[in-house]
Amino acid sequence: MKTLLTPLLIFLVRLRCTAAIVDPCTFSTEFMYDLFISGIPENQPVGSVIAVLPLNGGQGEVTLTQTPNPYLHLDPISRNISITKELDTDKDDNGIQMMSDIILQVMCMPSGSTRKSSLTVRVLLEDINEHRPMFPKNHYIINLPEDTPVDTVVFYAVSVTDRDGGDTGNDNIRYRILPGSYSSYFDIHMLKTEITLKKPLDYESVHSMTIEIEAKDNPKYGEPLSSKAFLTFNITDVDDLNPKFTNDTYTVRLDADTLPGSLVRINPPIRANDGDSLNASIKYELFDPKNRFVIDATTAEVSVNDKLSEGQPTLVLKAIQRDNPIRQGVALLQIIIIGQGSSLGPSFAQPRYHAVVSENEAVGTTVITVTVTDYDQWNSLRYSIGLQEHFAVNNNGDILITKELDYEKQNQFVFNLTASDEFYSALTTITVSVTDVNDNRPEIVQREITVNTERVQGAEITVVEAVDRDPNSSLTFSVVTHKSLFAVSQQGVVSLTGSKDDYVLDEYSVVISVKDNGSPQLESVAIVTVAFPARLTKNTSSLDMASSNDLIAIILGIVAALLLFVIIFLIVYIIRRRQYVEEQLDRAKIRQGMDPRGLTYQRGGPSPDPSSHIDINFDGELGETSDVDSHTTIQDNPLKYRLATARQNGVGDIQIETAVVPYDDNYNDYQNSNMRTFHVEEISSNSDTSDSTGDSNKMLMEKHRKTTSGNTNSLSWAGSNPPSSTFGSDKKLMMTYYRCQ
């Protein structure tokens with residue numbers, strides 16, 4: 001037992017001594033010479049204790065001195081670190097943060113030593129959200145032309161400031177347009193005051209729009225603060241409308257004998273106005289293939305230019321804006337010449353028409369104008385269009401857009417157009433092809449993602465998924481905030497790029513930008529909130545000491561349990577061993593008389609006399625009785641033998657030696673015909689064979705033959721040492737070991 005315990009005790013003493021050898025000038029934290037104290041608010045009162053220096057060296061074991069520091073003081077006796085000056089993490093007038101942390105240098109020298117260690121205490125300050133975001137002005141006025149394309153940036157970012165410190169969300173400003181009458185016309189970037197136009201403008205419908213935008217910070221703790229500003233957009237008129245005639249069709253009756261040069265009196269008179277509020281000057285044109293009529297370019301008066309014949313010619317009138325000839329208005333002049341006449345029905349100038357239009361064209365835009373000729377029609381023509389909802393036709397034959405087009409849903413329309421008078425009709429086919437524009441922003445599947453992860457450089461923490469409904473577009477991912485700590489691949493995989501110590505905060509809001517490659521380029525953003533496990537703070541020192549003590553206690557407990565188990569096992573083994581030996585001895589003792597089933601035996605070598613030998617046969621199962629003599633066994637009916645070669649007197653030699661077992665006096669003489677008896681001629685009283693009782697004896701037994709007088713075979717002691725003289729007169733003995741010679 002002592003042999004087992006001594007090495008274990010030596011191991012425990014060495015383990016204890018090793019654990020106890022530590023530098024007194026080190027911290028009992030994760031970092032031996034650096035201490036981080038986080039979560040100290042900027043409004044911490046002056047004089048308050050923010051931490052206790054967790055040194056391994058106790059009172060009197062070390063000498064502490066601090067370098068001068070205007071904000072922190074270390075008491076070398078109590079080791080309390082306290083605030084000596086008001087803290088301020090806000091930004092100055094130049095937008096530079098005044099402070100984010102305070103570093104205190106402490107020199108530590110062990111008692112009795114001249115060696116000094118430099119210890120660094122870094123106090124991480126936490127900004128308090130006490131300032132609202134501020135716009136430079138409360139009201140902005142912007143002049144906006146009515147033909148401004150959709151998705152154009154109409155208001156660029158202004159410098160909205162928040163004097164709260166950074167890296168806490170207190171100066172992380174997000175923007176939105178508050179609900180209002182015209183809020184649906186505009187969209188604002190989430191992270192800057194960049195406003196884009198979302199719907200077409202029309203000066204003729206509305207002249208001014210006012211929206212309200214909000215700037216709100218995003219603090220980690222507490223309620224957010226916000227401010228508002230108004231934006232008024234004055235819509236300015238542009239030359240975006242064609243001149244318009246007062247009537248779509250003018251009709252006049254005229255005698256066939258009207259002389260050339262005569263004015264054609266038309267009621268109401270032909271007149272066209274500028275569709276915009278610019279009141280541009282208009283000139284008129286008339287298209288007559290036969291040159292029978294002419295028109296005054298300024299007054300729009302029509303006169304006869306050649307001899308007339310009966311019929312119903314339909315002439316095309318044009319009103320052209322002088323300062324912008326592209327702007328034109330069209331009307332029809334139907335002249336019914338009374339005379340001999342003809343019966344021709346309406347006819348389209350072309351059997352098929354094809355037009356190409358962009359998908360962002362506004363509702364009401366004219367796609368194409370068809371021309372119809374009808375000499376028989378006394379009344380105006382009527383137009384009808386096939387079953388579809390995106391286009392319509394007016395009385396002038398203009399095909400107009402009636403519903404917003406979307407290239408991604410349908411890029412071509414084919415329909416029939418019918419022109420009819422009172423008796424006849426004509427049919428033509430209209431094909432409108434729609435071209436694609438970049439009008440879809442990248443769609444982010446999940447715009448706000450929260451991830452809990454460890455500070456492991458290179459770890460992939462999440463995936464920002466985005467799609468673009470515009471065909472043949474590619475997306476570009478980029479990190480907007482915290483670029484030195486996070487990265488995003490072009491597949492949207494967000495990963496950590498900084499080392500473990502770079503992530504001083506427990507939570508970051510990472511803005512991921514997704515842009516397409518269209519023109520204009522459109523962008524969407526996603527916010528990935530990354531949460532890390534809390535860093536060790538000032539309370540971790542006591543936790544580390546407690547965990548160290550717990551570890552030693554656990555080790556000692558395990559060792560004690562192992563020792564107890566070994567002791568119990570040895571006790572049980574010794575008891576069971578003793579019981580086993582006693583059971584075997586008792587089993588041998590209860591065998592009575594000379595019953596061969598109780599005899600044990602040991603076979604010896606061959607007899608030295610070559611003239612005879614003995615065969616011994618064995619029956620039954622073997623079982624161990626004792627481990628004192630490893631070759632001792634119990635055998636049922638153990639001894640059956642025959643005398644192979646007898647001597648003259650019929651007596652063979654057998655020597656019986658060693659172990660004997662006592663049995664009771666009431667034992668009756670054993671008789672068994674299978675048991676042979678022998679007469680041993682020589683007696684030897686000194687033998688080195690030991691029996692199971694510890695006595696050394698070599699006895700001889702005598703064989704008694706059955707005689708004519710009726711004597712039975714028996715075994716008796718021979719020699720001068722009867723059993724009673726050795727084992728007592730009240731016991732008889734039974735031989736248990738046999739050896740043949």
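One-based numbering along the sequence shown.
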Check: Does some side-chain heavy atom of L496 sit less than 4.5 Å from a side-chain heavy atom of R455?
Finding: no
Looking only at the side chains, is there a donor atom on one of N80 and S82 sitting less than 3.5 Å from an acceptor on the other? no
Inset, instruction - State whether a side-chain donor-acceptor pair under 3.5 Å links D217 with N172. - result: no
>> With no hydrogens and no angle check, just 3.5 Å: does a side-chain donor-acceptor pair link D501 and S499?
In response: no
So for atom CD, which belongs to Q490, do other residues, nucleotides or ligands contribute more than 12 heavy atoms lying within a distance under 6.0 Å? yes
(Q) Does any part of the side chain of S159, heavy atoms only, come nearer than 4.5 Å to the side chain of T161, both counted from C-beta? (A) yes
Looking at Y185, is K199 sitting on its ring face, NZ or CZ under 6.0 Å from the six-membered ring centre and within 45 degrees of the normal? yes
| message | Would you say the rings of Y503 and F486 are close, in the sense that their centroids are separated by under 6.0 Å? | response | yes
Report, as yes or no, whether the 6.0 Å neighbourhood of atom CD on E61 holds more than 12 heavy atoms from other residues, nucleotides or ligands.
-> yes
So OG1 of T435 and OH of Y407: to nearest 0.5 Å the spacing works out to 8.5 Å
Below 4.0 angstrom, N of the basic side chain to O of the carboxylate: do K515 and D468 qualify?
-> no
Item checked: Polar side-chain atom of E42 near backbone of I128 as donor-acceptor pair, under 3.5 Å -> yes
Taking every heavy atom of Y175 against every heavy atom of H189, the minimum-distance pair comes out as CB-O, 3.8 Å
- Hey, does the side chain of T152 reach the backbone of P149 with a donor-acceptor pair shorter than 3.5 angstrom? yes
Rounded to the nearest 0.5 angstrom, the NZ-CG distance for K198 and D187 is 5.5 Å
Flag side-chain contact, heavy atom, 4.5 Å: V494 against V464: yes
* Asked: Are R441 and D516 ion-paired here, with the side-chain N under 4.0 Å from a carboxylate O?
  -> no
Taken to the nearest 0.5 Å, the spacing of T84 OG1 from H73 NE2 works out to 8.5 Å
Here the gap from D162 atom CG to N129 atom CG, rounded to the nearest 0.5 Å, amounts to 6.5 Å
For a 4.5 angstrom cut-off between non-hydrogen side-chain atoms, does P54 reach L35?
yes
Item to complete: May I ask you to decide if L485's main-chain N or O and T497's side chain share a donor-acceptor pair within less than 3.5 Å?
Response: yes
message = Quick one: does any side-chain atom of E460 pair with a main-chain N or O of S495 as donor and acceptor, under 3.5 Å?
response = no
Result for salt bridge (charged side-chain N to carboxylate O under 4.0 Å, His left out) between E214 and one of R174, R132, R176 points to R176
- Indicate yes or no: at least one non-hydrogen side-chain atom of V528 is less than 4.5 angstrom from one of I512. yes
- Query: Does M109 CE have over 12 foreign heavy atoms under 6.0 Å away?
  - Reply: yes
The reported gap from OG1 in T462 to CG in N452 (rounded to nearest 0.5 angstrom) is 11.0 Å
Any side-chain heavy-atom pair from P76 and Q66 closer than 4.5 angstrom?
no
Would you indicate whether the side-chain heavy atoms of L144 and N234 approach each other to under 4.5 Å?
no
In short, V62 meets S111 closest at the heavy-atom pair N-OG, 3.6 Å
Taking it one step at a time, do E507 and V530 satisfy side-chain contact (heavy atoms from CB on, under 4.5 Å)? CA-CA 6 Å; E507 185 174 294; V530 183; over 6 Å; no
Requested in this report: Look at the side chain of S227 and the backbone N and O of P133, then say whether any donor-acceptor pair between them is shorter than 3.5 Å.
Outcome: yes
When every non-hydrogen atom of L225 is compared with those of E130, the smallest separation belongs to CD1-C, 4.0 Å
Atom CD of Q521: over 12 foreign heavy atoms under 6.0 Å: yes
Please confirm whether the backbone N or O of S509 pairs with a side-chain atom of T481, one donor and one acceptor, at under 3.5 Å?
yes
Run V123 and Y71 through side-chain contact (heavy atoms from CB on, under 4.5 Å) and show every step you take. CA-CA 10 Å; V123 180; Y71 295 98; over 6 Å; no
For residues D23 and T26, is any side-chain donor paired with an opposing acceptor at under 3.5 Å? no
Evaluate I213 against L178 for side-chain contact (heavy atoms from CB on, under 4.5 Å), listing each step before the verdict. CA-CA 6 Å; I213 60 175; L178 297 178; over 6 Å; no
Report task. With side-chain contact (heavy atoms from CB on, under 4.5 Å) as the test, would you mind laying out the steps for I37 and L124 before giving the verdict? Result -> CA-CA 6 Å; I37 304 174; L124 303 179; over 6 Å; no
Walk me through whether F155 and Y140 qualify under ring pair (Phe, Tyr, Trp, His ring centres under 6.0 Å). CA-CA 10 Å; F155 183 76; Y140 298 86; 5.4 Å; yes
Taken to the nearest 0.5 Å, the spacing of I103 CD1 from N69 CG works out to 9.5 Å
So, does E126 use its side chain to make a donor-acceptor pair with the main chain of P41 at under 3.5 Å? no
### Query
Going by atom types alone, do T120 and Q105 pair a side-chain donor with an acceptor below 3.5 Å?
yes
Q) Taking the six-membered ring for Trp, are the ring centroids of F186 and F233 within less than 6.0 Å of each other? A) yes
Between V160 and A215 the two heavy atoms that sit nearest each other are CG1-CB, 4.2 Å
Practice task
Walk me through it: do S513 and E523 pass the test side chain to side chain donor-acceptor pair (under 3.5 Å)?
Solution key: CA-CA 7 Å; S513 171; E523 177 189 28; 2.4 Å; yes
The side-chain contact (heavy atoms from CB on, under 4.5 Å) partner of L119 among D34, L104, L55 is L55
**Report entry** Sub-4.5 Å side-chain heavy-atom contact between V150 and T196
**Finding:** no
Check: Do D101 and R122 meet the salt-bridge criterion of a basic N to acidic O distance under 4.0 Å?
Finding: yes
Next item on the list: Count the heavy atoms belonging to other residues, nucleotides or ligands that lie under 6.0 Å from CD of E86, then report whether that count exceeds 12.
Entry: no
- Item | Donor-acceptor under 3.5 Å (S524 side chain, V514 main chain) | no
Residues F477 and S489: closest non-hydrogen pair is CB-O, 3.5 Å
### Message
Working note: T236 + N143, criterion side chain to side chain donor-acceptor pair (under 3.5 Å); need CA distance, chi angles, decisive distance, verdict.
### Response
CA-CA 7 Å; T236 59; N143 293 324; over 6 Å; no
Note: K216 and P224 closest approach over all heavy atoms is CG-CB, 3.8 Å
Side-chain donor/acceptor of Q491 to backbone N/O of V493, under 3.5 Å
no
